[in-house]
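Presented below is the structure to which this report refers.
No experiment lies behind these values; they were computed from the predicted model shown. Note that these values count all heavy atoms, side chains included, but never hydrogens, waters or copies made by symmetry. All ligand and atom numbering here is 1-based and tracks the order in the structure.
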Amino acid sequence: MATALIILAAGQGTRMQSDLPKVLHKLAGAPLLHHAMRAGQAVEPDRTVIVVGHGGDAVRKAALAFDDSALIVTQPQQRGTGDAVARALPELAGFKGRVIVLFGDTPFITPQTLQKLAGSKADVTVLGFHTDAKPQRYGRLVMEDGALTRIVEFKDASPAERDIPLINSGVMACDAARLGELVSALGSENAAGEVYLTDIVGIAHARGLAVAAETCPESETLGIDSRANLADAERLFQTRARAMALQSGVTLYEPDTVYFAYDTVIGRDASIGPNVVFGPRVSIESGAEIRAFCHLEGCHISRGATVGPFARLRPGAELAENVRVGNFVEIKNAILDEGAKVGHLTYLGDAHIGENANIGAGTVTCNYDGVAKHRTEIGAGAFIGSDTMLVAPVTIGAGAMTASGSVITENVPEAALALGRARQVNKPGLARKLFEKFKTNQGKQQKVMG
Ligand code: UD1
């Protein structure tokens, strides 16, 4: 059956104490909203409608960056989840199938759970979870004779209802043909004075429609309301990511100190040292080795390559097989072909390094002239002497060499040696004379002072 998604993301998130809209706070390197949208992709929605409000422009931009076909609607005042869904309905005109309502601040919902909801045959299906913790918020699923009859919000619940251990996750699925009529029947006579989406359950039941409850583990429904929640969520994500990496055959020497992004991909038999941080879009092939204290984002590391300790790979760093990147090396938007070595204290930006080229300590690609970025091309087997400044745009031919300490401003032909530094002059005996002079001067000064 066809599926459409409505993702509610209009709330202010007051408790985040932030100028940034809540759904744009990041978990494992991606905005909360993207986590919800990614989870929603599991049901291959025909349409995705995002309801924005607070920080609407920024949230709209973020939603479209993830999925440029997303339909964005604005809820001018946050009058409740029912009102938010009502705003989305015009975008679902003509749609036949199931509509799933998700929250933009609930990042852990799994594809399996959403598929279960998408496959439900009832007119309205609510996703709940069991807990004995008696939380001081959240709606309770009221069951009568084994059937879900309504949801009561915590604020409106009687003491007996507050004891119900089946809690509303907030996620709901509804037959598109019914959603409009149910939402238009909602009022706001409740403790919060809000239009509760949850009330469609009682209305549907009263009208004799089929209402069902599905359940999932509580951890899937974790919503982010505060910085403390966000920190808890990050911890939970990292714990799972570490366990998954270990299970899939990755060596983590000190798992608790390795931080993954939502999309980190690491092949079997790769090894990751302590205190390594992955930003988004990193892939590491089997058998690669990342040593301690590296920061990687937007890069690809091939089989047999070693990186670090203390290396920083930025977006566009592409390391082919058996490349060696050592300590205090930064690489950005640069391709290193097989066997290239860059061992120490180097910056490579906007560059291409040929096979087996050797980049000496302290080399810098001077890629920025204050206005534009320029490229450096280094041919296969080239040897870049220590402390070479490569002033881009510049090309070093295959098998060429640069002398240590050179400032290279012109292209170097294949197999040539380029010297771009002042010629050395030796003055025989001058050092000794200078030392003697300095000592005599020092002796005179001490006498004057004494
Ligand atoms: C909601 C449920 C509650 C459930 C809980 C689980 C209702 C009435 N209550 O309560 O039963 O246990 O989630 O977390 O639905 N939003 C809008 N526009 C609005 C109001 C909310 O877009 O006018 C969005 C928020 O940005 C948020 C989501 O809807 O992403 C949930 O809103 P929130 O106010 O946090 O609902 P809860 O009070 O937690």
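Atom 26 (O) of ligand 1 has as its closest protein heavy atom Gly11 N, 2.9 Å. For atom 21 (C) of ligand 1, the closest heavy atom belonging to the protein is Thr81 CG2, 3.8 Å. Nearest protein heavy-atom neighbour of atom 4 (C) of ligand 1: Asn168 O, 3.3 Å. In terms of protein heavy atoms, atom 13 (O) of ligand 1 is closest to Phe103 CE1, 3.1 Å. Here the protein heavy atom with the shortest distance to atom 22 (O) of ligand 1 is Ala10 N, 3.0 Å. Nearest protein heavy-atom neighbour of atom 23 (O) of ligand 1: Gly80 N, 2.8 Å. Here the heavy atom of the protein found nearest to atom 10 (O) of ligand 1 is Glu153 OE1, 4.1 Å. Looking from atom 27 (C) of ligand 1 to the surrounding protein, the closest heavy atom is Asp105 OD2, 3.6 Å.
If you check each of Gln78, Gln75, Gln12, Gln77 against atom 18 (N) of ligand 1, the one with the closest non-hydrogen atom is Gln75.
Asp350 has no carboxylate O lying under 4.0 Å from a charged side-chain N of Arg375, or vice versa, which leaves the two without a salt bridge. Using a 4.0 Å cut-off between charged nitrogen and carboxylate oxygen, Asp83 and Arg87 count as a salt-bridge pair. Using a 4.0 Å cut-off between charged side-chain N and carboxylate O, Asp156 and Arg140 make no salt bridge. With salt bridges taken as basic N to acidic carboxylate O contacts below 4.0 Å, one links Lys134 and Asp163.
In summary, the atoms of ligand 1 found under 4.0 Å from a heavy atom of Tyr138, numbered by their order in the structure, are 5 (C), 6 (C), 12 (O), 14 (O). Ligand-side atoms of ligand 1 in range of Tyr196: 8 (C), range being under 4.0 angstrom from any heavy atom. Counting the atoms of ligand 1 from 1 in the order shown, those under 4.0 Å from a heavy atom of Ala9 are 22 (O). Near Ser169, the atoms of ligand 1 lying under 4.0 angstrom from a non-hydrogen atom of the residue are 6 (C), 14 (O). Here is the list of ligand 1 atoms found below 4.0 Å of a heavy atom in Arg79: 23 (O).
At least one heavy atom of Thr198 sits under 4.0 Å from some atom of ligand 1. Using a non-hydrogen distance threshold of 4.0 Å, Val51 does not register as a contact of ligand 1. In this structure, Gly223 has no heavy atom closer than 4.0 Å to ligand 1.
Geometrically, Arg242 does not engage Phe260 in a cation-pi contact, judged by NZ or CZ lying under 6.0 Å from the ring centre and within 45° of the ring axis. Cation-pi geometry between Arg240 and Phe108 is satisfied (NZ or CZ under 6.0 Å from the ring centre, within 45° of the ring normal).
Between His35 and Phe237, the two ring planes are perpendicular [angle over 60°; tilted spans 30° to 60°].
Looking at Leu8 next to ligand 1, an N or O pair under 3.5 Å apart turns up. When only interatomic distances are considered, the shortest N/O to N/O separation between Ile167 and ligand 1 does not fall below 3.5 Å.
A side chain to side chain donor-acceptor pair (under 3.5 Å) with Gln78 holds for exactly one of Gln12, His54, Glu194; it is His54.
For atom 30 (O) of ligand 1, a protein non-hydrogen atom is found at a distance below 4.0 Å.
Taking all atoms of both residues into account, the shortest heavy-atom contact from Thr346 to Gly360 is OG1-O, 3.4 Å.
The side chain of Ala84, and not its backbone, has at least one atom closer than 4.0 Å to an atom of ligand 1 (non-hydrogen atoms only; side chain from C-beta on). Using a 4.0 Å cut-off between heavy atoms, Glu194 makes no contact with ligand 1 at all.
A donor-acceptor pair under 3.5 Å links the side-chain atoms of Ser302 to the main chain of Leu319, judged by distance alone. With hydrogens and angles ignored, the 3.5 Å screen pairs a side-chain donor or acceptor of Glu161 with a backbone N or O of Ser158. Of the possible polar contacts, none joining the Arg162 side chain to the Pro135 backbone as a donor-acceptor pair under 3.5 Å is found.
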Step by step, would you call Val49 with Ile7 a side chain to side chain contact (heavy atoms under 4.5 Å, CB included)?
CA-CA 6 Å; Val49 187; Ile7 301 183; over 6 Å; no

